[in-house]
**Student:** 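Before anything else, here's the structure in question.
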Amino acid sequence: MAEPYLPVDVVFHPNWWQRHYGLSFDRDFFYDAQRRVWQEQRMRHLLYERFGDLGLGQKDAPRRPIIGPILMGSGYIIQEILGCEIKYQESGNPWVLSRNLSEAEIWDLEVPENIEATPPMRALLGLMETLEAEFGYLQGDVPLHSIINVAIDLRGQDYFIDLIENQALVAHLHQVIARTIYEVAAG
Amino acid sequence: MQSRERLLTALNHQEPDRIPFDLGSTQVTDIHALAYANLRQALGLPAVEIHMCDAVQQLALPDADLIERLGVDVRGLFPLNSHNWQVHAQDAGAYWIYHDEWGITHRRPRPDGLYYSVVEVPLGSPHLTAEDILKHTWPNMADPVRIAGLREQAERYRAYGYAIVLKDPFAGIFEMSQRIVGMENIMMMMALDKKKAGTLFDKLLDLKLAFWEMALPQLADVVDVISHADDYGTQASQLISLAMFREQIKPRLKSIFACLERLAPHARRFFHSCGNVRPLIPDFIEIGVQILNPVHIRAKGMQPAALKRDFGDELVFWGGGVDTQAVLPSGTPQEVRDDVRRNIEALAPGGGFVFSTVHNIQADVPAQNMVAMWEALQEYGVY
């Protein structure tokens, strides 16, 4: 029988987790297998403890091999592959620092030749291998983000001017981003 | 040297006895009322009823005792406009609401919001036509009441030896358009319907010229500087492209400066734009800008030494004395002193520099930092 209500999921901001439970969202949360499994389990446990009567969290939450920004909304890996600096934060989502690339730099931008060898992909693949070796399977997802968001992170605010006055440049930028997303997803 | 001589020497790209200092002569070199009260207290000056020169931004009109105490060299003339005239705010529960003469609705949080923000524009309809723009009830900028008493005020200031700045009657045509039709709409119009955007820009240009044609025959001989403000820059870049500026804004800006030059040939032309305007500076110079403000030194491309090197022969820098985004509100007094010293070293040599903060001093600036800024100016600002 169908549930009478739409399913609802609630995502708390890292600041809430940090303030109430001292949990950190530094780089290790995303790429260190032990830390990640522990913290993800603890987050579900704490949610159940506090809001279990509302259907949040999980009683006796088991350890899970989760990848990606589960329990928080964020996207960063495509930007990092394309050269953006990511500022990981104790009490915030990963913050993508815009590269503010010039027009010439955008024209020079290419899909990385060997995406699997880029530092963020090496870190992600390492995490996946470790988790899969222990659990035999993986959960979660790789945040592929969206073309426009990544374009703004690469070009900065001038992207909006380009949309009006430099559409060939925008087409090139979109193509590079789309191909990068495809390569990550296909890999 | 008296204040006026000091300022004019600096504007002539010569070194006076010390760097001229501006606090409060315009709505872009001023101080928030809360910070002003704190500064007075820190200086041991008595508490006073604060008069606003701009109620929308909650900017104080500095009193004579503070001007004298700090050695401020410049006084401002503020024509009556929607920011300082008939600001009759209504109590709307959580906000003060104010409807101005343009049809713009502003609101300020009660009880202690720091300033008013635009919440409703008069011509924000997505179906706006050029005819709607022309039929709108526009304020009468040619009404002489707008400058009532300013000549007498200027003569008093002159008698005390101060230099005098006359402020423009309302924001620049680009910024004012945003308040009339909404920022998103003017941006879309400039991109997709230049003719309609031009109708609005021309209407605002006509109002500006009507004001100057009325005001300058009465005031030109008693003012030293005429200020005009718009905003094209952002922290990293510009709000519009250089091509768009040149096609749609620059010719109208040129008309304004040509009018000022014709009606007040002795007054220096001061232009304000926040943010990174470096790519636009050669165009500013070409159309008659003589003084650049606020010299937004924290924005990309606005490093003071490079600006002085590249444009110091042609432009006077009025501002850039201390960073107001990070150092002044959040730095230590020593960091404030260091920043002031660095900026003076970059901008002051050879004259052509008037010390002022980068835009207005905001409400959260600690009094000890304002005092540190002023002390550093006394220490490093002597030629």
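Residue numbers start from 1 in every chain, and the chains themselves are labelled A, B, ... in the order their sequence lines are given, proteins ahead of strands. Computed from heavy atoms alone, side chains included, the values below leave out hydrogens, waters and symmetry copies.
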**Student:** Is the number of heavy atoms from other residues, nucleotides or ligands under 6.0 Å of A/Trp107 CH2 greater than 12?
**Tutor:** yes
**Student:** Got a list of the donor-acceptor pairs under 3.5 angstrom between chain A and chain B?
**Tutor:**
residue	atom	partner	partner atom	Å
A/Gln157	OE1	B/Thr234	OG1	2.8
A/Gln157	NE2	B/Thr234	OG1	2.9
A/Gln157	NE2	B/Gln238	O	3.1
A/Asp158	OD1	B/Ser237	OG	2.5
A/Asp158	OD2	B/Ser237	OG	3.2
A/Glu165	OE1	B/Ser241	OG	2.7
A/Glu165	OE2	B/Ser241	OG	2.7

**Student:** Are there over 12 heavy-atom neighbours, none belonging to A/Tyr21, within less than 6.0 Å of that residue's OH?
**Tutor:** yes
**Student:** Has A/Glu90 got more than 12 heavy atoms of other residues, nucleotides or ligands less than 6.0 Å from its CD?
**Tutor:** yes
**Student:** Please report the shortest heavy-atom distance between A/Ile161 and B/Ile240, naming the atom on each side.
**Tutor:** CD1-C, 3.6 Å
**Student:** Take atom CG of B/Leu134 as the centre, draw a 6.0 Å sphere, and report whether it contains more than 12 heavy atoms from other residues, nucleotides or ligands.
**Tutor:** yes
**Student:** With only heavy atoms counted, which part of B/Met244 is less than 4.5 Å from chain A, the side chain, the backbone, both or neither?
**Tutor:** both
